[in-house]
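Below you'll find the structure, written out as structure tokens, and then a few comments.
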Amino acid sequence: METQIGIRGDNFVVLLSDKIVAQSIVKMKHNQDKMKQLNKNNVMSVTGEAGDVDSFSEYIEANIKLFGLRQNRPLTTSECAYWTRGTLAEALRSRSPYNVNLLIGGFNPNTKKSSLYRIDYLSSICEVPFAAHGYTSYFAYSLMDKEYRKDLTKEEAIKLAIRCVKQLDHRFLVGQPGFILRVIDEEGIHTYDSQPILENGQRSFNFVNVANNVVVSEA
Amino acid sequence: MSRRVRQVENAIEAVNHGSLVLGLKCSDGALLFAEREDQSKLLEQQQEKIYKIDKHIMTGVVGVNSDSNTLVTRSRHQAQGHLKTFNSPIETEKLVNYVAHFKHLYTQYGGMRPYGVSMLIVGYDEATSEFQLFRTDPAGNYDAWRATCIGKSEQVKIGRDILKTSLADGATLDLDQGIRAALKVLSKIKESNIDCADKIELATLKVVNGEPTIKIYTIPEIKEKLVENKDLFKKDDDSSDEDDE
């Protein structure tokens with residue numbers, strides 16, 4: 001039921017996830033940030049079994065920070081993704097596998113390129129231009145297939161994410177009240193919060209940059 | 001009270017009697033140069049001083065041969081392990097740190113003999129686009145160099161002097177000049193003549209089409225280099241030959 005989307009441009013990545021923590025039919029929390037900032041240029045968004053999400057993502061986050069300290073340079077997106085995959089794969093074949101689905105996106109300041117990795121709970125890993133997990137994928141992939149271009153700008157990518165969210169709100173049985181969106185680029189990580197708006201009786205979302213209140217809307 | 005670790009001192013002393021290995025960072029790459037131990041004419045020729053560890057890292061060893069084999073094997077495993085877990089080539093310093101740490105362990109407990117090996121490790125790091133040259137000793141120290149040599153103390157002294165003059169005032173050499181400097185060291189440390197190609201080893205690390213590439217010279221190729229620099233090996237060595245560079 002959780003929403004997780006990633007879109008990669010040439011020199012940025014957009015990650016979006018919902019904010020709901022649910023147990024059975026009850027919303028336990030509606031402002032949960034489901035992303036972890038692994039280091040200065042890498043973000044991981046995590047969904048899945050409630051307890052697993054926390055323990056796994058904290059473990060990954062701490063270890064990637066440790067590697068950064070040990071070798072005196074932050075890990076690249078690819079290194080973060082492959083190490084995480086390895087850890088998940090090892091756990092999968094133990095008595096205590098983690099039931100988590102991940103998107104890892106980031107920017108490499110050396111090559112000036114961005115990359116996005118999709119990892120599922122069976123530890124399959126793919127470097128992809130755009131990605132989604134779970135029910136969201138049924139609604140988002142068709143739109144992203146149609147609209148994705150290699151030369152997408154940051155604003156266009158955010159707008160595409162907004163269109164996916166709008167489509168979800170329109171068609172998905174389980175409505176979600178809010179989302180967090182992050183853009184990772186050369187300058188670092190920018191965080192946006194969603195703001196529902198009503199247009200012609202239909203709900204849509206604007207995204208507000210948390211740092212400077214700049215609003216990005218679909219139109 | 002100073003506590004001396006005799007075993008380590010012995011190991012270092014053993015290294016100080018080994019044959020010379022020289023490492024040098026150049027503007028367009030890095031090189032390793034080694035002199036082989038004198039050996040029987042009946043022995044098959046094989047690499048024994050310079051080894052490739054990964055596609056971007058190589059090492060030159062001095063000391064106990066069986067010890068160095070173990071360390072080279074372990075280094076190769078470590079490099080491949082890193083590739084498997086991170087999908088990226090291991091950083092040179094990370095590997096050196098591992099080797100040094102591993103050697104250091106054997107200086108800490110009774111009943112174990114330290115590794116009688118010093119190594120020069122040369123590598124290329126993608127993250128910084130830089131060449132690296134490290135040295136490790138049997139105690140587990142490691143340090144980074146622009147150019148250095150290890151082996152017999154007298155030879156090391158001569159080698160370092162020549163390298164110091166070649167690299168004075170922050171000068172850098174390209175690989176061809178580097179090889180010439182190495183051969184110059186060779187010409188000073190023993191009564192070698194131009195026919196000594198089978199007594200030395202030479203390897204370079206360069207970036208070719210964005211890929212780090214290690215080339216270990218074959219004996220005919222070394223011969224070519226010797227011929228190119230034959231002026232260094234004058235028969236009558238009495239004339240003063242402080243030449244160019």
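Letters A, B, ... mirror the listed sequences (proteins, then strands); counts begin at 1.
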Can you confirm whether more than 12 heavy atoms, excluding those of [X], are under 6.0 Å from its [atom1] atom?
X        : atom1 : answer
B:Lys206 : NZ    : no
B:Gln108 : CD    : yes
A:Glu58  : CD    : yes

Among residues 71-80 of chain A, which residues come closer than 4.5 Å to chain B, judged by heavy atom distances?
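Within residues 71-80 of chain A, the residues that come under 4.5 Å of chain B (heavy atoms only) are A:Gln71, A:Arg73, A:Leu75, A:Ser78, A:Glu79.
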
Write out, in numerical order, the residues from residues 98-135 of chain A with a heavy atom short of 4.5 Å from a heavy atom in chain B.
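Heavy-atom contacts from residues 98-135 of chain A to chain B are A:Asn110.
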
Could you tell me which of B:Lys84, B:Glu93, B:Glu91 has the largest number of non-hydrogen atom pairs under 4.5 Å with chain A?
B:Glu91

So how far is it from B:Phe86 CZ to A:Tyr82 OH, rounded to the nearest 0.5 Å?
13.5 Å

